[in-house]
Amino acid sequence: MKVLVAISHVPDTTTRITFTEDKKALNKQGVTFIINPYDEFSLSYAVGLKEQNKAKEVIVLCVGPKEVESTLKKALAIGADKAVRIDTEPKDAFIVAANIAAYAKEQNFDLLLFGKESIDFNGSQVPGMVAELLQLPFVSFATKMEIENGKAKVTREISGGSEILEVELPLVLSAQKGLAKERIPNMRGIMMARRKPVEVIAPTETQPKVETLQLDYPKGRTQCKFIDPENIDELVQVLVNLGALN
Amino acid sequence: MIYVIVENLQGSIRKASIEAVSYAVALSEKLQKPLQGIALGPFKEGELQKLSQYGLEQLIHVTNEAYKDFSSINYTNAVAQVVKDPTVIVLPQGYDGRALAPRLSIRLQMPLLSGIHTLLEPYEQGYKAQRIAYSNKGIETVYTPSQKVIVTLKANSFVPQKKEASLNITTTEVAAATDKERVVGREQFSGKVPLTEANVVVSGGRGLKGPENWGMIEELAQLLGAATACSKPVADEGWRPHHEHVGQTGIQIAPNVYIAIGISGAIQHLAGVSASKNIIVINKDKDAPFFKNCDYGVVGDAFEVVPKLIEAIKRYKGLA
Ligand SMILES: Cc1cc2nc3c(=O)[nH]c(=O)nc-3n(C[C@H](O)[C@H](O)[C@H](O)COP(=O)(O)OP(=O)(O)OC[C@H]3O[C@@H](n4cnc5c(N)ncnc54)[C@H](O)[C@@H]3O)c2cc1C
Ligand SMILES: Nc1ncnc2c1ncn2[C@@H]1O[C@H](COP(=O)(O)O)[C@@H](O)[C@H]1O
């Protein structure tokens, strides 16, 4: 099997987010970038398939400028065979999806793995768009998958439960926690990653369909009103006032 | 024509769909464009009729049994066949919506604004709206120059408005395209209230010391009709199931009231819960970071405060 893992390059989860003065973009200064945590689940799953000799090749792909290569290198250290960067600004989900689909069309992947969402734009858009562009089945929020004889048995999270699907490959999937345990790169992986290639590909001609007009900070919670534990009825009254108790 | 898609949860209409319908009704009034609902698959007797209480007047019901189970391909095909000259399509941003909306966006060549929480506004050549970005650390105003747009509505962000209407349901059939995404099994989580839909969520962290202490959390949740949740280490330790883990790497929720018990309030935890309308924190450490990010706080030992709270609620409800 040949597996694609789409990786989004996102600010570290502990980062304090600030925006540029024109309020149009993230202020990248001093920000550490990481592999999108949900993409780590799909990457770890793919590397697991290699260890079981089910996957021959795992290719990680990121649509973005040169700076995303640091994140691709981390993915190589975790165990991907090859990295591809499509050289364009990921201005909106459509541009990202169109570029990933154009690349995938020529590659005959059996599995195309994504995260359930990127933690920067939280859009949940790219994987479904890629599936439609390639006319492939799509399972979102996958928490478990077994592959046997060209068929996948996938468990996906649904409202209040989970659902098990049987899907033929090739398949597009977006990962939720549970799909695989995150892997930490070891020394050997980091050394090997140095020798693995990062292929840079020219983008397809596409225009964004959605743009950011403005970025604002959410209203902070101004102040905590403290309630004395000795006076717990006050908390009951708060719950009543908030409509949590009737 | 504006369309709103009603999700089918094993024959029932979810709260998220009611929010979407009510939102679409408000949008239809604002944009002065007619509205039609779309529902797929078999529903319980009288279930669809309930939407008349929220101002919906027209609904197309695709009745084929095949749509009982969600399939991103089949649903996309069916919706694409049913809509005629759509200007806006509204979907709840739930589990199915997140798979269906992006496919539809490509199929119908309508840009997608996902997870928005404000009413769509005409702006320049197209529309704008607001959404959460950067895991609750930012609010993004998005714009599309397109006259046609798909929007997914963030759960719990629009309060449904009651409005009596007479609902006319038209039934139709659209053959299912494939069985490439075949549902072969289903499992219900034990919790009574789905986490992403709950009005109130009671959540426990490492401060509760071990799984044997969750009895009081569940009792409190039950009294409040709440869903239960937990912090990441609690799920990682196996004290609670993974599907209760909220935060940056778990589930993102926005209930009306979030009650955090024995949770420190790490930034990754806040990323999943700070969209909640009200946050109540119970923690024995007055310097816990969560107290800087909440509305109400009780400094105290959970093992004393929670049982006391349970007793007080029971007294209030006349149960004790
Ligand atoms: C990449 C990454 C992603 C992450 N994603 C998430 C995520 O999605 N969700 C998440 O929750 N975390 C996440 N984390 C972990 C996060 O950083 C914190 O470690 C975690 O949230 C802490 O959980 P906690 O508050 O339950 O435990 P602790 O930090 O150990 O806090 C326990 C709290 O309980 C209080 N306490 C102790 N005893 C009592 C008592 N008897 N009564 C009352 N209070 C008491 C203590 O004062 C303390 O504040 C992530 C971390 C990383 C690195
Ligand atoms: N710039 C990108 N390059 C490659 N993959 C991406 C990019 N952005 C998003 N993705 C993939 O799409 C998933 C969902 O992202 P989103 O639609 O932005 O929430 C991510 O988890 C990644 O797998």
Side-chain angles (χ1 to χ4, degrees), chain A residues 11 13-14 17 19 26 37 93-94 119-129 131-133 137-141 143 157-168 177-178 209-218 221 224-227 229 232-233 235-236 238-240 242-245, chain B residues 9 14 72-73 94-95 98-99 102-103 105-107 111-115 128 132-144 146 180-189 194 196 200 224 242 248-250 256-257 267-268 278 291 293-298 300 305 308-309 312-313 316:
Chain A
T13 51
T14 52
I17 297 288
F19 303 120
L26 173 75
F94 177 71
I119 65 165
D120 49 2
F121 291 106
N122 308 107
S124 271
Q125 297 195 7
V126 173
M129 287 182 176
E132 184 62 21
L133 287 164
F138 173 42
V139 180
S140 57
F141 283 78
T143 54
E157 191 172 287
I158 57 169
S159 187
S162 59
E163 206 165 67
I164 302 158
L165 291 99
E166 263 177 22
V167 190
E168 266 168 49
K177 186 186 176 192
K209 297 184 179 239
V210 177
E211 64 181 84
T212 303
L213 286 182
Q214 192 172 313
L215 287 159
D216 294 288
Y217 302 106
R221 295 183 192 268
C224 171
K225 182 177 183 329
F226 283 98
I227 293 168
I232 206 75
D233 284 330
L235 185 54
V236 175
V238 165
L239 290 170
V240 173
L242 296 177
L245 188 59
Chain B
L9 194 77
R14 307 171 38 205
S72 74
I73 300 181
Y95 291 98
R98 289 188 199 223
R103 286 202 95 121
S105 166
I106 297 295
R107 179 74 64 92
L112 170 57
L113 305 180
S114 69
K128 68 174 182 178
I132 300 252
Y134 295 99
S135 306
N136 291 327
K137 295 177 202 164
I139 295 173
E140 184 186 18
T141 306
V142 280
Y143 162 66
T144 176
S146 170
K180 278 192 183 157
E181 301 165 341
R182 207 152 47 88
V183 175
V184 293
R186 204 169 269 128
E187 223 178 285
Q188 220 54 39
F189 299 147
T196 44
V200 183
L224 298 171
H242 282 301
Q248 180 107 60
T249 47
N256 179 25
V257 181
I267 192 162
Q268 295 99 346
N278 302 281
F291 285 125
N293 290 287
C294 73
D295 305 288
Y296 300 93
V298 182
V305 176
K308 261 207 254 178
L309 177 61
I313 292 174
Y316 174 83

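Each chain gets a letter, A, B and so on, in the order the sequences are listed, and its residues count up from 1. From a predicted model like this one, the values you see are computed outputs, not experimental measurements.
For a residue to count as touching a neighbouring chain, one of its non-hydrogen atoms must lie under 4.5 Å from one of that chain's; by this rule Val240(A) touches chain B with the side chain only. Heavy atoms closer than 4.5 Å to chain B are found in both the backbone and the side chain of Ser124(A). Residue Pro11(A) touches chain B through its side chain alone, counting heavy-atom pairs closer than 4.5 Å. Residue contact with chain A, scored on non-hydrogen atoms closer than 4.5 Å, involves the backbone and the side chain of Val184(B) alike. Heavy atoms of Phe94(A) lying under 4.5 Å from chain B belong exclusively to its side chain. Only the side chain of Phe141(A) has a heavy atom closer than 4.5 Å to any heavy atom of chain B. Val238(A) touches chain B through its side chain: at least one heavy atom from C-beta onward sits under 4.5 Å away, while N, CA, C and O do not. Residue contact with chain A, scored on non-hydrogen atoms closer than 4.5 Å, involves the side chain of Lys128(B) exclusively.
Between Ile232(A) and Val305(B) there is a side-chain heavy-atom pair separated by less than 4.5 Å. Counting heavy atoms from C-beta on, the side chains of Tyr134(B) and Leu26(A) come closer than 4.5 Å.
When ring centroids are compared, Phe226(A) and Tyr296(B) stay outside the 6.0 Å threshold.
Within the 3.5 Å criterion, the main-chain N or O of Ala131(A) finds a donor-acceptor partner in the side chain of Arg103(B). Asn293(B) contributes no side-chain N or O that, together with a main-chain N or O of Arg221(A), makes up a donor-acceptor pair within less than 3.5 Å. For the pair Thr212(A) (side chain) and Val142(B) (backbone), a donor-acceptor distance under 3.5 Å is absent.
Heavy-atom pairs under 4.5 Å with chain B peak, among Ala93(A), Ala244(A), Ser140(A), Pro127(A), at Ala244(A). In terms of non-hydrogen atom pairs under 4.5 Å with chain A, the most contact-rich of Gly185(B), Gly94(B), Ala133(B) is Gly185(B).
For Gln125(A), the side-chain hydrogen bond (donor to acceptor under 3.5 Å, both in side chains) partners are Ser114(B), not counting sequence neighbours.
Side-chain atoms of Thr13(A) and Gln268(B) form a donor-acceptor pair, as typed in the model, at a separation below 3.5 Å.
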